[in-house]
Amino acid sequence: MASIKPSVPKGTRDFSPNEMARRNYIFDTIKNVFRKYGYQQIETPAMENLSTLTGKYGEEGDKLIFKILNSGDYLSKVDPQLLTTSNAQRLTFQISEKALRYDLTVPFARYVVMHQNEITFPFKRFQVQPVWRADRPQKGRYREFYQCDADVVGSDSLLNEAEFVMIYDEALGKLGLKDFTIKINNRKILSGIAELIDKSDSIVDLTVAIDKLDKIGLDGVSNELLERGFTTDDIDKIKPVILQRGTNQSKLASLRDTLAGSAIGLKGCDEIETVFNYISDCPLQTANLELDITLARGLNYYTGAIFEVKTNEVQMGSIGGGGRYDDLTGMFGLKGLTGVGISFGADRIYDVLEELDLFPQTASQGTKVLICCFDADGEKFALPLLKKLRNSNIPAELYPAGAKIKKQLDYANAKQVPYVVMIGSDEIQSGLMTLKDMISGGQEKVSGQEIVEKLRA
RNA sequence: GUAGGCAUAGCUCAGUUGGUUAGAGCACCAGAUUGUGGUUCUGGGGGUCGUGGGUUCGAACCCCAUUGCUUACCCCA
């Protein structure tokens, strides 16, 4: 049989030991902050029923869901006519009833509805798991990637919004980022702007276009709005709003002026101000908090706050985002439950930390001492020491006898093991073993007990 | 879905106008060194030059197709 050239699917990656140490550092940092703020971890299955996921992410999103082919003779139940009409969309539901999760929010909503009787509200949960998207990969964009989500469900207090800003500040600050911006907006302000030009029905088109302001500039946004059926009159009205600069307070004040005729717009302003007030009583350490009314994130299910986090130190898409949805669980039949949440893009954060060289040294994580024997007799002598080291919580390995010492030391170097114990006939005879410091190169003859004591330090 | 770039050893890449037997570094194996590595020296294994077709006396190089990867757009973490 011809051997197949090994590869992984496009947009997926292996994680080697060194990368895993670094990834766990990111995950642990974020998880510990979540826990500190009272969030509890859950997990949900990698696959969900396809019907749970479809229709939740818009038409584009549905296309990006990885479907799982039914087991067995999956064609046997298909309406034969469908096979000849090449209607992929309808065929999909007959040959696939499961799919890989696309995000963590929809499975969480499903979870809340299924477990509503055991949950104490407000329910604060976090979840760190991979999600899959059948997207075209590119820089900072994968087909399998991890999301670190925290959500509160069942509390409409804006304190939650404020706490999420603090969580971003604390977690990203702990990871060593020095200059990043938490952008905040409110869907109600966007609704107010749409009301301003009497285009409430076109709010999606409006927000998708102005969301691109910093990317394509005012001319680009204007062109896109014109293409989407807005008038130059509309654009003239919107322009001062989306172009406003200055402090959050001054933006808010002028927004209130502009949106004076829109009850919902003013409500949005009030909500933002409430969040700002909470924050000012509990100042941020590192993050810049910026009201950005062009922020829309293209996610139409947000109803209140909208968050996005960007680093200003390297060129990278957003490293986090989130927002509030008033009817999180409605799609699964549980009405009136509000949710607000955020997500950290761990894979992008990894790329950022790597580019900025912000990972701490993790060498001490691995094996601390390798026992090398010159022959098989040494093994017998080594095993009790090995046991003793491990009982003392010192990560230790015994290299199987038979290999040359050079090879064993090469192994220690490759794994960055800082100490080696060597056992040959001399050591067996004297009972004193050779402890070698692989960094300085120095070595000394010591007893087993002394080795344990030295390495425990 | 749209558009560009790339594809040569396990990895990173050279390879001149198309010209004999396709190279380097790293990694791996062995030796110099029978009990000592990370620095040195010597030698060795490794290639259907992504695949298929074409032009040519002759193709890694030119042309066509195809597959894979990658970057950007759309959208998103």
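Below, chains carry the letters A, B, ... as their sequence lines are ordered, and counting in each starts from 1.
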* Asked: Within this structure, what is the NZ-to-C1' distance between A:Lys310 and B:C76, rounded to whole angstrom?
  -> 12 Å
* Asked: Reckon A:Asp103 touches a base, only the sugar-phosphate, or nothing at all at heavy-atom distances under 4.0 Å?
  -> nothing
* To do: Check if the side chain of A:Gln416 and the base of B:G38 share a donor-acceptor pair of N or O atoms closer than 3.5 Å.
  => no
* Asked: Which part of the nucleic acid, if any, lies within reach of A:Asp410 when heavy atoms closer than 4.0 Å are counted: base, sugar-phosphate only, or nothing?
  -> sugar-phosphate
* **Closest listed nucleotide, where the reference is the side chain of A:Val208 and the choices are B:C75, B:G35, B:A77** => B:C75
* Do the side-chain N and O atoms of A:Asp219 and A:Ser222 include a donor-acceptor pair separated by under 3.5 angstrom? -> no
* Using atom P of each nucleotide, how far apart are B:A9 and B:U51 to the nearest Å? -> 10 Å
* For A:Gly441, answer base if it contacts any base atom (sugar-phosphate contacts may also be present), sugar-phosphate if it contacts only those atoms, and nothing otherwise; contact means non-hydrogen atoms under 4.0 Å. => base
* Give the nucleotide from the list B:C74, B:A77, B:G38 with an atom nearest to the side chain of A:Lys406. => B:G38
* To do: For the residue pair A:Tyr325 and A:Tyr302, categorise the inter-ring angle as parallel (less than 30°), tilted (30 to 60°) or perpendicular (more than 60°).
  => parallel
* Asked: Does A:Lys404 put a side-chain nitrogen or oxygen below 4.0 Å from OP1 or OP2 of B:G31?
  -> yes
* **Length of the CD-P vector between A:Gln147 and B:C76, whole Å** => 13 Å
* Structure fact -> Among B:G35, B:A72, B:A77, the one nearest any side-chain atom of A:Ser425 is B:G35
* Structure fact -> When A:Lys212 and A:Asp437 are each assigned the nearest nucleotide of RNA chain B, the 5'-most assignment goes to A:Asp437
* **Interatomic distance at P, B:C13 relative to B:G54, whole Å** => 32 Å
* Just call it for A:Glu427: base, sugar-phosphate, or nothing, with non-hydrogen atoms closer than 4.0 Å on any strand. => base
* Asked: Which part of the nucleic acid, if any, lies within contact of A:Ser318, taking any heavy atom under 4.0 Å across all strands shown: a base, the sugar-phosphate backbone alone, or nothing?
  -> sugar-phosphate
* To do: Starting at atom NZ of A:Lys407, determine the distance to atom P of B:C28, rounded to an integer number of angstrom.
  => 9 Å
* Asked: Say you pick atom C1' in B:U17 and the same atom in B:A59; how far apart are they, in whole Å?
  -> 14 Å
* Strand partner of B:U12, provided both Watson-Crick or wobble distances fall under 3.5 Å -> B:A24
* Asked: Salt-bridged, A:Asp135 to A:Arg143, with N to O below 4.0 Å?
  -> no
* Describe the nucleic acid contact of A:Ile439 in one word from base, sugar-phosphate, nothing, applying a heavy-atom distance below 4.0 Å. => base
* Which nucleotide, B:C75, B:U2, B:U36, lies nearest any side-chain atom of A:Lys436? -> B:U36
* Structure fact -> Taken to the nearest whole Å, CG/A:Leu432 to P/B:G35 is 20 Å
* OP1 or OP2 of B:A72 less than 4.0 angstrom from a side-chain nitrogen or oxygen of A:Gln138, does that happen here? -> yes
* To do: Ignoring hydrogens and angles, answer whether the base of B:U71 and the side-chain atoms of A:Arg141 contain a donor-acceptor pair closer than 3.5 Å.
  => no
* For residues A:Glu290 and A:Thr181, is any side-chain donor paired with an opposing acceptor at under 3.5 Å? -> no
* List the steps and the verdict of side chain to side chain contact (heavy atoms under 4.5 Å, CB included) for A:Asp103 and A:Phe108. => CA-CA 9 Å; A:Asp103 71 356; A:Phe108 174 54; over 6 Å; no
* Asked: Quick one: on RNA chain B, does A:Lys10 or A:Lys139 contact a more 5' nucleotide (nearest heavy atom)?
  -> A:Lys10
* Closest listed nucleotide, where the reference is the side chain of A:Arg133 and the choices are B:C74, B:C76, B:G37 -> B:C76
* Euclidean distance for P, B:G10 against B:G46 (whole angstrom) -> 11 Å
* Could you give the NZ-to-C1' distance, from A:Lys183 to B:C76, as a whole number of Å? -> 15 Å
* To do: Would you mind telling me which of B:U2, B:G38, B:G35 lies closest to the side-chain atoms of A:Phe374?
  => B:G35
* Asked: Just checking A:Gln408: base, sugar-phosphate only, or nothing, at a heavy-atom cut-off of under 4.0 Å?
  -> nothing
* **Student check: side-chain heavy atoms of A:Gln127 and A:Gln147 closer than 4.5 Å** => no
* **Donor/acceptor link under 3.5 angstrom from A:Gln443 side chain onto base of B:U36** => yes
* To do: Report yes or no: do A:Lys415 and A:Tyr411 form a side-chain donor-acceptor pair below 3.5 Å?
  => yes
* Shortest side-chain distance from A:Arg136, nucleotide among B:A3, B:A77, B:U36 -> B:A3
* Rounded to whole angstrom units, what separation is found between the CZ atom of A:Phe344 and the C1' atom of B:A77? -> 12 Å
* Asked: Just checking A:Tyr146: base, sugar-phosphate only, or nothing, at a heavy-atom cut-off of under 4.0 Å?
  -> nothing
* Asked: Do A:Asn413 and B:G38 share a donor-acceptor pair, side chain to base, under 3.5 Å?
  -> no
